[in-house]
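Order of the sequence lines sets the chain letters (A, B, ...), proteins ahead of strands, with each chain counted from 1. Computation of the quantities below employed the complete heavy-atom set of this structure, encompassing side-chain atoms and omitting hydrogens, waters and symmetry-equivalent molecules.
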2 protein chains.
Amino acid sequence: MMSPESMDTVFQALGNAQRRRMLDFVKNHPGCAVGEVAAGFDVSRVAVMRHLAVLEEAGLIISDKRGRTRHLYMNVVPIQMIHDRWSSEYSAMWAGRVLDIKYLAEQRTAEYPDAPDRAASVTHLPGERKGQT
Amino acid sequence: MMSPESMDTVFQALGNAQRRRMLDFVKNHPGCAVGEVAAGFDVSRVAVMRHLAVLEEAGLIISDKRGRTRHLYMNVVPIQMIHDRWSSEYSAMWAGRVLDIKYLAEQRTAEYPDAPDRAASVTHLPGERKGQT
DNA sequence: TCCACATGTAATATATGCATTACATATTCG
DNA sequence: CGAATATGTAATGCATATATTACATGTGGA
């Protein structure tokens, strides 16, 4: 089982594009060194180390120091955990959710004719601004 | 397609246990009011509103104000997006990753006999402390 | 109308996040 | 040994996150 704190650290680690890119680099270069990662990014080596530390604390990266070099590997287990949980928790919704909310919205609209029909917003993604369509 | 900024906001929104609980409440009480959510949590109503705003900015919640009441609905689309992306991006790894890293670790161990065998850590999850097993 | 209710906004305090530069430690190799 | 290399740590600045209390706005009903 995955504790709430673990999920916090994983989601927080993934909540930064720079960090996701670094994770991606490690994924595509298994066993790479810290410096190799740093070379591919436009921020200081210390910043890269901090990001890698966050990823490692989240369990998304595993490291292995040999001599003066620390080798990095991605660990998919935390992501897999979340993926599996989502599969079981939302699989039903993914089939019928849009229609469900549309149904609810229409129900409400019937009760309160002045209410805006929000069914169209169901497919909203962040980045778009609501109501601008 | 989902922009990196969108993923940032979604992951950041999910990176807080309190907020995930609120999202869960909305999921289980579709159409509930802000005050109803606040009643179930031990923080101030303003704090709850802030959390709901974060969730809404991430697209995870849709709201619909009628009269003086704002009704809340969960939107699974962003989570579904991430889920789908992960499915396609890591499906191969989920089958063979543990063995792959074990293989790599054993390779390295053979080259550098003093190196610790990290294969056992592959299933590491945050919250455990590495190397304690 | 007037009051109660549901929500929204302002001002504020403290903690965490993300980046920097400068310095320290440890390891390899001539 | 001593210099180059790879990584780690310390001190710091600035922005964002999370929470609070006090006050404002808008809506519904007796």
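A distance-only check finds a donor-acceptor pair linking the side chain of His29(B) to the backbone of Phe25(B) [under 3.5 Å]. Asn75(A) contributes a side-chain N or O that, together with a main-chain N or O of Gly59(A), makes up a donor-acceptor pair within less than 3.5 Å. For Arg19(A) (side chain) and Ala13(A) (main-chain N/O), a donor-acceptor pair under 3.5 Å exists by modelled atom type.
For Gln12(B), the listed nucleotide lying nearest its side chain is dA17(D); candidates were dT21(D), dA17(D), dG26(D). Closest to the His51(B) side chain, of the nucleotides dT27(D), dA19(D), dG8(D), is dA19(D). Of the listed nucleotides (dT20(D), dG26(D), dA6(D)), dT20(D) has the atom at the smallest distance from the side chain of Val43(B). When the nucleotides dG26(D), dT7(D), dT20(D) are ranked by their closest atom to the side chain of Thr69(A), dT7(D) comes out on top.
Positionally, the nearest nucleotide of DNA chain D for Val46(A) lies more toward the 5' end than for the other of Val48(B) and Val46(A).
The separation between Met22(B) atom CE and dA17(D) atom C1' is 14 Å, rounded to whole Å. In this structure, Leu72(A) places its CG atom 11 Å from C1' of dT7(D), rounding to the nearest Å. With rounding to whole Å, Lys65(B) atom NZ is found 9 Å from dG26(D) atom P. Separating the CZ atom of Arg50(B) from the C1' atom of dA17(D) is a distance of 9 Å, rounded to the nearest angstrom. Regarding Gln18(B), its CD atom lies at a distance of 9 Å from the P atom of dT20(D), rounded to whole Å. The distance from atom CE of Met49(B) to atom P of dT21(D) is 14 Å, rounded to the nearest whole Å. The separation between Arg70(B) atom CZ and dG26(D) atom P is 16 Å, rounded to whole Å.
Counting non-hydrogen atoms under 4.0 angstrom, Val54(B) reaches nothing in the nucleic acid. Among the protein residues, Arg45(A) comes within range of the nucleic acid bases, having at least one heavy atom under 4.0 Å from a base atom. Ser44(B) comes within 4.0 angstrom of a base, heavy atoms only.
The side chain of Asn16(B) places an N or O atom within less than 4.0 Å of a non-bridging phosphate oxygen (OP1 or OP2) of dT18(D). Close to dT18(D), at under 4.0 Å from its OP1 or OP2, lies a side-chain N or O of Arg19(B).
The structure places OG of Ser6(A) at 12.0 Å from CD of Glu57(A), a figure rounded to the nearest 0.5 Å. Separating the CG atom in Leu72(B) from the NZ atom in Lys27(B) is a distance of 15.5 Å, to the nearest 0.5 Å.
Within the 4.5 Å cutoff, no side-chain heavy atoms of Leu14(B) are placed close to those of Leu14(A). Inter-residue side-chain proximity for His83(A) and Trp94(B) is flagged as met; some heavy-atom pair is nearer than 4.5 Å.
Mapping heavy-atom proximity under 4.0 Å, the span of DNA chain C touched by chain A runs 5' to 3' from dC18(C) to dT28(C).
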